[in-house]
Amino acid sequence: MADMPTPRLAANEFQQRLLAWFDRYGRHDLPWQSPRSAYRVWVSEIMLQQTQVATVIGYFERFMARFPTLESLAKAPQDEVLHLWTGLGYYARARNLHKAAQVAWEEHNGELPTKSIDALVALPGIGRSTAGAIVAQSTGQRAAILDGNVKRSLTRLHALPGWPGKPDVERKLWALAEYYTPAERLADYTQAMMDFGATLCKRSKPDCLSCPFNDVCLAYAQGEPKRYPESKPKKALPTRQTIMLMLRDPQGRVWLEQRPPSGLWGGLWSLPQFDSHSELNDWLEVNAVNPKRDTTSPSFYHTFSHFRLEITPQPVSCDRLGGVRESGVWYDVNYPPELGLAAPVKALLSQLTPFSLNPTPGHA
DNA sequence: AAGCCGGGGGA
DNA sequence: TCCCCAGGCTT
């Protein structure tokens, strides 16, 4: 590897120290560790992309209760998969997971192709690092990972400058990650690298005094381990505005429409959205019978990684839908269907008074 | 190479 | 508030 920085330890010495640390301080009771299967490891790795362990555990348990096997996932309707993903974010992960299960079911004899990194990477939603994690943890074959934890630990150990999102920095990190990866105890080593970054070499407050590498860590020697990794160049968040129509029928049900299959909130069910009140009025004129607008609810913000959305809910009641209406569902808050919902939509629906059961609601 | 894609937890 | 997390896909 011409691109690799000088390692701070011989690979076998690094492995020995890390595994000794892991045996004492690592996490050995995560839900996907027992029973361990390629399917369970895979689902956990997808959920854990950009999502912390504490958040994932509950979702993982619910997901496994509903989809205990790859077959059950492959044969499930997408709405049910997205329903189990509601609130977890990055919904393309769920769509890709579902699609990959169907591909594996039909083209790989009903199981994940864990013999080959390349075959895994060919499946939607699985990149090089996730493929490495699946192979290492489910088969014990030698495979490296490079997730956020490993990037942080290795940039510190080597005082590696530059934002890890840059390709040249990432190449160096992959070279180091491959170099340190052992030939034995792959499942433990992989879990150890993640645990080390998540619980000791943390983004803030790294526990350097307890670190088994503090004698060779260049960032520690420089006195500023938190300086690594360098942070992503930041940009100002643009703000967008939207009006969300909360159209209710005489039974109190709410009209929802499914979003396009890809893009923001892809495949999720959401309230009809409009850029202006005049566009909303046009929609009501065409689609609703005897619409009665209520006073606009207070606006609130929902923040994404790349913009901020100001949401103004507009309650409207109507007798029924008319005209050429778009496809959608009347969502009954008393008997909620199992659909994927965008987080702010779920929040709005959960606030609703189920007035079909409560004809004279009190006022707040 | 850069942008897109969520939501939450920690400080 | 601000940062970024067990990343991958699209352009």
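Hydrogens, waters and symmetry mates are skipped; everything else that's a heavy atom, side chains included, is used. Throughout, a chain's letter reflects where its sequence line sits, starting with A, and its residues are numbered from 1.
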Side-chain donor or acceptor of A/S129 paired with backbone N/O of A/L146 under 3.5 Å: yes
Using a heavy-atom cut-off of 4.0 Å across all strands, would you classify A/L30 as base, sugar-phosphate, or nothing? base
Nearest-Å distance for atom pair CZ/P, residues A/R95 and B/dC5: 10 Å
Could you identify the nucleotide paired to B/dG6, looking across every strand shown and requiring Watson-Crick or G-U wobble geometry with both distances under 3.5 Å? none
Using the P atom on both, measure C/dT11 against B/dG6 and round to a whole Å. 15 Å
Counting only side-chain N and O atoms of A/H302, is one of them less than 4.0 Å from OP1 or OP2 of B/dG6? no
Is A/R253 positioned over the aromatic face of A/Y331, cation under 6.0 angstrom from the ring centre and no more than 45 degrees off axis? no
Nearest-nucleotide check on DNA chain C, A/N96 vs A/Q52; residue mapping nearer the 5' end is A/Q52
Sugar-phosphate only, base, or nothing, as touched by A/S231 at under 4.0 Å among non-hydrogen atoms: sugar-phosphate
Given atom CD of A/E170 and atom C1' of B/dA2, what is their separation to the nearest angstrom? 13 Å
A/L82 has an atom CG; how far is it from atom P of B/dG7, in whole Å? 12 Å
Reckon A/F304 touches a base, only the sugar-phosphate, or nothing at all at heavy-atom distances under 4.0 Å? sugar-phosphate
Atom-pair distance (OH on A/Y301; P on C/dT1), nearest Å: 10 Å
If you look at every strand shown and take non-hydrogen atoms under 4.0 Å, does A/W32 touch a base, only sugar-phosphate, or nothing? base
Contact nearer the 5' end of DNA chain B, comparing A/K166 with A/P344: A/K166
Within the structure shown, what part of the strands sits under 4.0 Å from A/L88 by heavy-atom distance: base, sugar-phosphate, or nothing? base
State whether the distance check finds a donor on one side and an acceptor on the other, under 3.5 Å, for side chain A/R93 versus base C/dA6. no
Looking at the side chain of A/D195, which of B/dA11, C/dG7, C/dA6 is the nearest nucleotide? C/dA6
Please evaluate the base of C/dC3 for a donor-acceptor partner in the side chain of A/R203 within a cut-off of under 3.5 Å? yes
Phosphate OP1/OP2 of C/dG7 contacted by A/Q50 side-chain N/O (<4.0 Å): yes
To the nearest angstrom, the NZ-P distance between A/K99 and C/dC9 comes to 14 Å
From the options B/dG8, B/dA11, C/dG7, select the nucleotide whose nearest atom is closest to the side chain of A/T55. B/dG8
Is A/T130 close enough to C/dG8 that one of its side-chain N or O atoms is under 4.0 Å from OP1 or OP2 there? yes
Heavy atoms only, 4.0 Å cut-off, all strands: where does A/V53 land among base, sugar-phosphate and nothing? base
For A/F304 together with A/H302, are the ring centres under 6.0 Å from each other? yes
Does any donor-acceptor pair link the side chain of A/T51 with the base of B/dG6 at a separation under 3.5 Å? yes
If you measure from the C1' atom in C/dC9 to the same atom in B/dG8, how many Å do you get, rounded? 23 Å
Under 4.0 angstrom, heavy atoms only, what part of the nucleic acid is A/Q191 near: base, sugar-phosphate, or nothing? base
Between the side chains of A/Q222 and A/Y228, is a donor N or O closer than 3.5 angstrom to an acceptor N or O? yes
So, do A/F63 and A/L73 sit near enough that their side-chain heavy atoms are less than 4.5 Å apart? yes
C/dA6 to B/dC4 separation - P atoms, rounded to the nearest Å: 24 Å
Can you work out whether A/I126 or A/R152 has the more 5'-proximal nearest nucleotide on DNA chain C? A/R152
Kindly confirm or rule out a cation-pi arrangement of A/R259 over A/W269, judged by NZ or CZ under 6.0 Å from the six-membered ring centre and within 45° of its axis? no
Return the value, rounded to whole Å, for the distance between atom CZ of A/R240 and atom P of B/dG6. 12 Å
Would you say A/Y91 reaches B/dG7's phosphate, i.e. side-chain N/O to OP1/OP2 under 4.0 Å? yes
A/W174 vs A/K151, side-chain contact (heavy atoms from CB on, under 4.5 Å): CA-CA, chis, key distance, verdict: CA-CA 9 Å; A/W174 266 115; A/K151 287 175 180 173; over 6 Å; no
Could you give the NZ-to-C1' distance, from A/K226 to B/dG10, as a whole number of Å? 11 Å
Measure the distance from CD on A/Q49 to C1' on C/dG7 and round it to the nearest whole Å. 5 Å
So, OP1 or OP2 of C/dC3: does either fall under 4.0 Å of a side-chain N or O from A/W163? no
Closest to the 5' end of DNA chain B, once A/A92 and A/A54 are matched to their nearest nucleotides, is A/A92
